[in-house]
**Student:** 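Dumping the structure here so I can ask a few things about it.
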Amino acid sequence: MNCDDINNAIYVYLDGELAAPEEGDFEGHVSACRRCSRLLAQESGMLTAVRANAPQPKAPESLRLRVLAALDEAPAPLPAEARAQAPRTSAWLVGAGWIGAIAAVVIAMVLAFGKPAGGETDERRVLVESVAAHRENLPMEVRGSEQQVRQYLQENVPFPVEIPFDDSQAIRLTGARLTRVGGREAVLFNYDVQGERMTVVQVATPPEAEAADAETEPSFSNHQGFEVVTFRKRGIINSVVGQGQSPGKIVRASYAQ
Amino acid sequence: MIFQGRAKKEEEATRDAFNKEALPHMESLYSAALYMTRDAGLAEDLVQETFLKAFRFWHRYESGTNCKAWLFRILTNTFINGNRRKKRPHFSIDASEQDLSSSVMAETSHFYDTPEAEYLGGLFPEHVQRAIEELPENFRIPVVLADLQDFSYKEIADIMECPVGTVMSRLFRGRKRLQEVLFDYAVELGVIPAQDARDEEGAISLEAYRARRKAVGEG
Ligand SMILES: [Zn+2]
C-alpha cells in the first residue's frame, strides 16, 4: 500500500471492515510513514469526536404513548403461519387458462396511511379512480422488466408492495408509476396482456382502518364500459380494470390456485 | 378467508412479540429520525409511521433476525420517499455526488498541522449536530447509520438498498465533508488558530477553504 491507498482505505480500516491481509498491509505502511500515521490519528480523532459529541436525543414520552395508542388501533398483522408463505407474488398467480384474454394495463394503487375510512367507501373510490386512471393512460415512470419495476417500487414506495400478478407469456408487467387517489399516495402498475391493456388497481388499506387486513371475495362490476373486479387480499384493495372479460378471468384464475 | 378464525390469543402474541422486539428501538429510531428530518415534529411522525408500517408488515420480519436494521430500512425508505415525493422531479443522486466529489476529494489533508486534540476538545455537541445536519441527504444518512447507530457496511447497504461500494464511497465523502465543516467551526471558535489552517503544501488554506464553502453553499 502507498499513501494514496491509505487515504482511500482509512475509514474502512477505522470501521474495522478491512479484510485481514489488507489490514496487515495498512498497518505496515502506517507504522513506517509519518504522514499516514498523523492522518490516521486525525481521522480517528474526528470520528471519535463525532461519536462522543453528537447529541442522541431521547424520544419524548408523548411519542411513546402516541405510538402505543396507534398500535392499539392498528389491525393485527398476519398470523405467524402466513409468514411462511413463499414468494410474494407467486401465490397470486394466474393460471394459463385465460390465455387469449384481452390485453391489460394493471394499475396498482397503494393508498397508505390516510385517515380511517369505511371499507366499502375505500373500495368504491379505488374502483372509480382505477377506471379513470385506465382511461387516462398516463405515461409510466418506470418501464421494463418485473425486476426493474420492483426496484423502482422499492426505491419509491415506503413499504413493501405486492406486485399483483407474476409475469408470464400471457401477462407481462411493463411499467409502473406513482399516483394519488383521494389525496393519498398510490402506485400504478402497467401490464400488457397479449398486446392490450388491462388495469388492476391495488390499494393498501390504511393500517389504522378497521379490518385493514381483512379479505373479501372478488366483486365483479361494470363501470363506464369497463369490466372491473375489486377484492381485498392481505390488506390490499385490488381493482382490476380492462376490456372484455380479462379482469374476471385473471382474478378467477388467481383465486383458483 | 384465512383470517376469520384466528384466535384472539394469537393476535396478542403477535403484539407482544412486536412490543418486545421492535419497540425497544424507538430511541435509536427517533435519534436517527431527528438527524434525517431536522425537525422534532417530523421526526415523531416519521417514527410513528415507521412503527405502524413495521407492525402492518410484521409478518415479513423473520423473528430473531436483525430487527433494528429491518426497522431502519423502513424508516430510511419512508424518509427518502417522503422527500422525493415532495420535490419532483426526482433529484439525481449521481449529480449531487459529483458536485461534492471535486471539492471534497481535493480536501484530504486539512488538519495536517494541527494535533487533533487541539480542536476536538473545543467542539460542542451543537456544532457536531449542526455539521451532521448540514450534510446533503445522500451523505447524511450513511454517516448517521455508521457513526451514530453503529451499523456495519453490509447492514447499511441493506437499509439503503444499495451496494456496499456505494456505502463506502458515500461514507468517505460524507465524513470528509463533515471534517471540513467541523474544521470551519473549530477555526471560528478559535480552537484552531487561522494561521495553522494549512494544507499539505504548507500554504494557508483558510481563504481557499472558505471560498470553496461558499461555492458549495451557493451551488
Ligand atoms: Zn504514507
Side-chain angles (χ1 to χ4, degrees), chain A residues 7-8 10-12 15 17 35 38-39 41-60 62-64 66-68 70-71 74-83 85 112-113 151 154-160 178 185 204 207-208 212-215 217 235, chain B residues 1-3 6 10-11 13-15 18 23 26-27 29-31 34 40 44 47-49 51-53 55-60 62 74 77-78 80-82 84-85 108-109 111-112 115-117 120 123-129 131-132 146-148 152-153 161 168 171-172 175 178-179 182:
Chain A
N7 284 348
N8 291 328
I10 195 149
Y11 294 130
V12 187
D15 288 329
E17 301 250 3
R35 177 233 176 240
R38 293 189 67 179
L39 177 69
Q42 282 164 192
E43 296 288 359
S44 74
M46 200 268 300
L47 293 187
T48 309
V50 168
R51 278 164 198 251
N53 290 314
Q56 296 261 19
K58 288 253 169 279
S62 58
L63 174 61
R64 183 173 300 279
R66 211 177 116 184
V67 168
L68 288 174
L71 288 171
L78 296 181
E81 305 88 81
R83 295 181 200 180
Q85 279 175 9
F113 313 107
Q151 174 77 26
Q154 280 177 351
E155 287 171 358
N156 289 282
V157 183
F159 46 86
L178 302 181
E185 287 160 4
E208 61 269 45
D213 61 24
E215 301 214 336
E217 293 293 331
Chain B
M1 290 291 155
I2 304 169
F3 307 119
R6 193 163 76 225
E10 228 173 304
E11 289 185 19
T14 304
R15 176 66 190 274
F18 187 84
L23 286 183
M26 188 182 296
E27 297 293 344
L29 290 166
Y30 178 69
S31 171
L34 258 184
E44 289 193 29
V47 170
Q48 175 168 344
E49 200 176 341
F51 276 120
L52 284 175
K53 283 175 193 172
F55 190 55
R56 173 168 172 67
F57 292 104
W58 188 239
H59 62 285
R60 297 244 172 92
E62 280 179 54
I74 298 175
N77 279 336
T78 304
I80 290 172
N81 295 331
R84 229 174 245 179
R85 212 103 4 119
T108 50
S109 52
F111 294 110
Y112 276 15
E116 67 281 0
L120 296 180
L123 287 173
F124 295 108
E126 63 262 35
H127 294 113
V128 177
Q129 180 185 342
I132 296 171
D147 289 331
L148 304 186
S152 71
Y153 290 179
E161 293 171 9
M168 285 160 68
L171 262 183
F172 184 90
R175 284 164 167 173
L178 194 58
Q179 205 174 51
L182 289 175

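Not measured: the values here are computed from a predicted model.
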**Student:** Would you confirm whether Q56(A), through its side chain, and L148(B), through its main-chain N or O, come within 3.5 Å as a donor-acceptor pair?
**Tutor:**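 Checking the backbone N and O of L148(B) against the side chain of Q56(A), a donor-acceptor pair under 3.5 Å is found.
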
**Student:** Against chain B, label L47(A) side chain, backbone, both or neither, depending on which of its atoms sit under 4.5 Å from a heavy atom there.
**Tutor:**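 Side chain only.
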
**Student:** Any non-hydrogen side-chain atom of N77(B) less than 4.5 Å from a side-chain atom of E161(B)?
**Tutor:**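 Answer yes - side chains close enough.
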
**Student:** Which region of A146(B), side chain (C-beta onward) or backbone (N, CA, C, O), has a non-hydrogen atom less than 4.5 Å from a non-hydrogen atom of chain A, or is it both or neither?
**Tutor:**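 Interface part for A146(B): backbone (N, CA, C, O).
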
**Student:** Applying salt bridge (Lys or Arg N to Asp or Glu O under 4.0 Å), can you list everything that pairs with E44(B), at least two apart in sequence or on another chain?
**Tutor:**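 Only R66(A) meet the salt bridge (Lys or Arg N to Asp or Glu O under 4.0 Å) criterion with E44(B).
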
**Student:** Identify which of L171(B), L178(B), I132(B), V128(B) forms the greatest number of heavy-atom pairs closer than 4.5 Å to chain A.
**Tutor:**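 If we count pairs closer than 4.5 Å to chain A, V128(B) comes out on top.
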
**Student:** Between L68(A), D15(A), I10(A), V67(A), which shows the greatest number of heavy-atom pairs under 4.5 Å with chain B?
**Tutor:**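 Top count of heavy-atom pairs under 4.5 Å with chain B: D15(A).
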
**Student:** List the residues meeting salt bridge (Lys or Arg N to Asp or Glu O under 4.0 Å) with E27(B), not counting sequence neighbours, and say none if there are none.
**Tutor:**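 Salt bridge (Lys or Arg N to Asp or Glu O under 4.0 Å) list for E27(B), sorted by chain: R64(A).
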
